[in-house]
Amino acid sequence: MIHRFVFNPFLENTYVVNMGNGEAIVVDPGCQTRREKQELENFLRENQLNVRYCLNTHLHVDHIYGNELLKENFGALSVASIKDQIPREITERPIRRRYWPFADTEPKVDVYVNDGEQLKVGNHEILILETPGHSPGSLSFYIPALEAVFVGDLLEKSSRGTLQYIYSSAEQMEQSIKKILELPLKTAIYYGHGDFSSIKAERSDLGTD
Ligand SMILES: [Zn+2]
């Protein structure tokens with residue numbers, strides 16, 4: 001079971017994935033207001049899900065508001081790439097406000113992962129794929145048993161992700177998209193924003209077939 005919430009002014013997708021055996025992951029918890037946080041928490045409690053990990057496709061502020069809630073209330077460890085840590089020269093200058101307009105503190109990450117690593121939760125494996133472009137440490141999470149991949153802001157349905165940051169890279173994004181589109185055709189793709197699609201549909205929409 002994959003359940004989507006749409007949270008915060010950026011209309012960010014937060015996914016709860018039931019991995020079986022009473023265990024779950026949350027991908028990109030973007031719940032910001034007290035009400036949104038309550039909504040996520042109620043859902044997890046009603047479904048009696050033990051949240052093992054909070055998987056961050058990247059550390060942009062609209063994707064991480066709920067990290068601490070999941071840690072405090074469920075003991076979930078935050079997972080991200082070390083390549084998404086913002087360099088000190090940026091965080092210490094006023095420019096920080098542009099990148100972290102709403103965050104008081106930087107997100108805390110418990111587990112750093114690399115390309116090709118796997119996490120086992122419940123009955124299923126999660127394969128970590130490094131898919132930089134939108135940000136240097138952007139990750140995708142592929143769950144073969146559920147035929148699902150979570151790509152964050154690498155892509156949106158039928159279009160490439162945005163490249164508006166100084167550290168975004170169009171070249172890396174093309175490589176990353178290629179890597180994702182090599183997954184089995186019936187794999188569902190879940191984006192950071194907007195509706196889901198499939199590898200098959202995305203290949204024809206992006207004209208890469
Ligand atoms: Zn982003």
Side-chain angles (χ1 to χ4, degrees), residues 2 4-17 25-33 36-37 40 53-70 78-87 90-91 93 95-115 126 128-142 148-181 189-197 202 206:
I2 297 173
R4 176 174 75 141
F5 292 92
V6 180
F7 286 140
N8 76 52
F10 297 94
L11 302 178
E12 183 267 356
N13 290 332
T14 293
Y15 299 99
V16 175
V17 185
I25 54 167
V26 176
V27 179
D28 290 346
C31 42
Q32 182 189 25
T33 62
E36 287 175 345
K37 287 180 176 169
L40 176 62
Y53 295 107
C54 159
L55 300 184
N56 295 120
T57 59
H58 63 303
L59 296 176
H60 282 164
V61 70
D62 51 326
H63 295 250
I64 58 165
Y65 289 121
N67 276 20
E68 281 176 37
L69 164 91
L70 294 173
S78 293
V79 174
S81 166
I82 196 150
K83 295 175 188 160
D84 243 19
Q85 292 303 295
I86 305 301
I90 292 176
T91 60
R93 283 164 43 195
I95 196 172
R96 176 190 172 120
R97 295 186 69 80
R98 260 179 70 192
Y99 299 99
W100 303 93
F102 307 104
D104 300 326
T105 56
E106 284 178 55
K108 293 182 193 75
V109 175
D110 301 302
V111 182
Y112 290 111
V113 288
N114 295 299
D115 195 56
I126 303 158
I128 310 292
L129 299 171
E130 287 184 355
T131 49
H134 178 72
S135 72
S138 284
L139 299 174
S140 293
F141 304 111
Y142 176 43
V149 65
F150 299 86
V151 299
D153 290 353
L154 172 67
L155 286 161
E156 283 187 38
K157 191 175 181 186
S158 312
S159 67
R160 287 164 173 77
T162 57
L163 292 163
Q164 78 266 44
Y165 304 95
I166 47 169
Y167 47 67
S168 297
S169 160
E171 207 176 303
Q172 285 186 332
M173 182 173 276
E174 287 312 308
Q175 291 304 315
S176 298
I177 289 173
K178 239 174 134 181
K179 185 169 169 178
I180 290 299
L181 296 183
I189 312 187
Y190 296 89
Y191 309 96
H193 304 268
D195 284 338
F196 73 102
S197 182
E202 199 60 89
L206 291 177

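Note that ligands are numbered from 1 as they come in the structure, with each ligand's atoms numbered from 1 the same way.
Judged by distance alone, with hydrogens and angles left aside, the side-chain atoms of Ser140 form no donor-acceptor pair with the main-chain N or O of Leu129 at under 3.5 Å. Side-chain atoms of Glu202 do not come within 3.5 Å of backbone N or O of Ser197 as any donor-acceptor pair. For the pair Asp62 (side chain) and Phe10 (backbone), a donor-acceptor distance under 3.5 Å is absent.
Tested against Asp153, the residues His58, His60, Arg160 include a single side chain to side chain donor-acceptor pair (under 3.5 Å) partner, His58. Test Phe141, Phe196, Tyr190 against Phe150 for ring pair (Phe, Tyr, Trp, His ring centres under 6.0 Å) and you get one pass: Tyr190.
Counting only protein N, O or S atoms closer than 2.8 Å to the Zn ion (ligand 1) gives 4.
For the residue pair Asn56/Asn67, the side-chain donor-acceptor check at 3.5 Å is satisfied.
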